[in-house]
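Just so you know, residue 1 is the first one in the sequence shown, and it goes up from there.
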Amino acid sequence: MSLTPAGGLRLHTQRLPGRGDGDGGPTVVFLHGLVMDNLSSFYCTLAGPVSRAGHPVLLYDQRGHGRSDRPPGGYDRDTAAADLAALLGSLGLDRRPVHLVGNSYGGVLALHTALVRPELVASVVLIDAQLTGDWVEDMTDTLSVAALGLEHRRLPEQLAALGRRKEARLTAGADALLNRTSLIEDIAAGAAFTSHDFARLRCPVLAVYGEHSELLPGARELAAGAPDCELYVLPGVGHTVLNEATEGLCAAVLERLGERAGAVVR
């Protein structure tokens, strides 16, 4: 793992090679969710199987998360897409489009990048991502409540006193991100995707959602409106697809990546 310069930041990155000595095809870039999440959520679930199947992998902690730099601003979607573009350029991965796999809010960023920087994106996999409805307001409210709780309850200090160092470190990072950056305001300034956005997508999309997810209606709108979108619903789970339905999710992702590789070969 290393800190990679990208657009004035240092982003914590991890690369895994594709199997074999030849060209492993486009790199698969994983985008994690918000606040408490980081690249480890993919490292422990999908990244290994994808790499072993022959696909080069890039994992990174997004701006403000994990071990990456945490500037006071720049947490809007356009800046996130610019961060990704800068990172790909810094690593020499901008010569061909990449596959984006985004979990939860990472899926929002993946889809947004496909819309504003289509030349960078070969395909998108969304894992229970927020797309339509009132999710921006709901997420802003949830994050605001969490920020107040972290600020007044001093959880990092309490956890450290109990010897729970890892949890204390993660909670301190969440406190800094929510209470000392523009993250909440930047998310609040965004908007849900529209049918017009879906119709403009130029790359194939695979949307993997839990059967009981509250976000499934938005995925159905995406599947109906995008030129090339497959909706894959995993039974028995809700929003926690990545951790509770890893095997089924991995099978769907590997099948899609195999299809995309086949299309390139042909």
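- Considering only heavy atoms from C-beta on, Leu11 comes within 4.5 Å of Ser68 through its side chain.
- By the 4.5 Å heavy-atom criterion applied to side chains, Leu143 and Ile187 are counted as neighbours.
- Between the side chains of Asp78 and His112, at least one donor N or O sits under 3.5 Å from an acceptor N or O.
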For residues 213-226, dump all side-chain donor-acceptor pairs below 3.5 Å to protein atoms at least two apart in sequence or in another chain.
| unit_1 | atom_1 | unit_2 | atom_2 | d |
| --- | --- | --- | --- | --- |
| Ser213 | OG | Asp128 | OD1 | 3.2 |
| Ser213 | OG | Asp128 | OD2 | 2.7 |
| Ser213 | OG | Leu215 | N | 3.0 |

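- Using modelled atom types, one finds a donor on one side chain and an acceptor on the other under 3.5 Å when comparing Asp197 with Thr194.
- A cation-pi contact, defined as under 6.0 Å to the ring centre and within 45° of the axis, links Arg77 to Phe193.
- For the residue pair Thr13 and Thr4, a side-chain donor N or O sits within less than 3.5 Å of a side-chain acceptor on the partner.
- Here the CG-CG distance, from Leu111 to Leu31, works out to 11.5 Å after rounding to the nearest 0.5 Å.
- Neither side chain, Asp37 nor His32, offers a donor N or O lying under 3.5 Å from an acceptor on the other.
- Between Cys250 and Thr45 the shortest side-chain heavy-atom distance does not fall below 4.5 Å.
- Ser123 and His99 are linked by a side-chain donor-acceptor pair at a separation below 3.5 angstrom, with hydrogens and angles left out of the test.
- Between the side chains of Asn243 and Thr240, no donor-acceptor pair is found at a separation under 3.5 Å.
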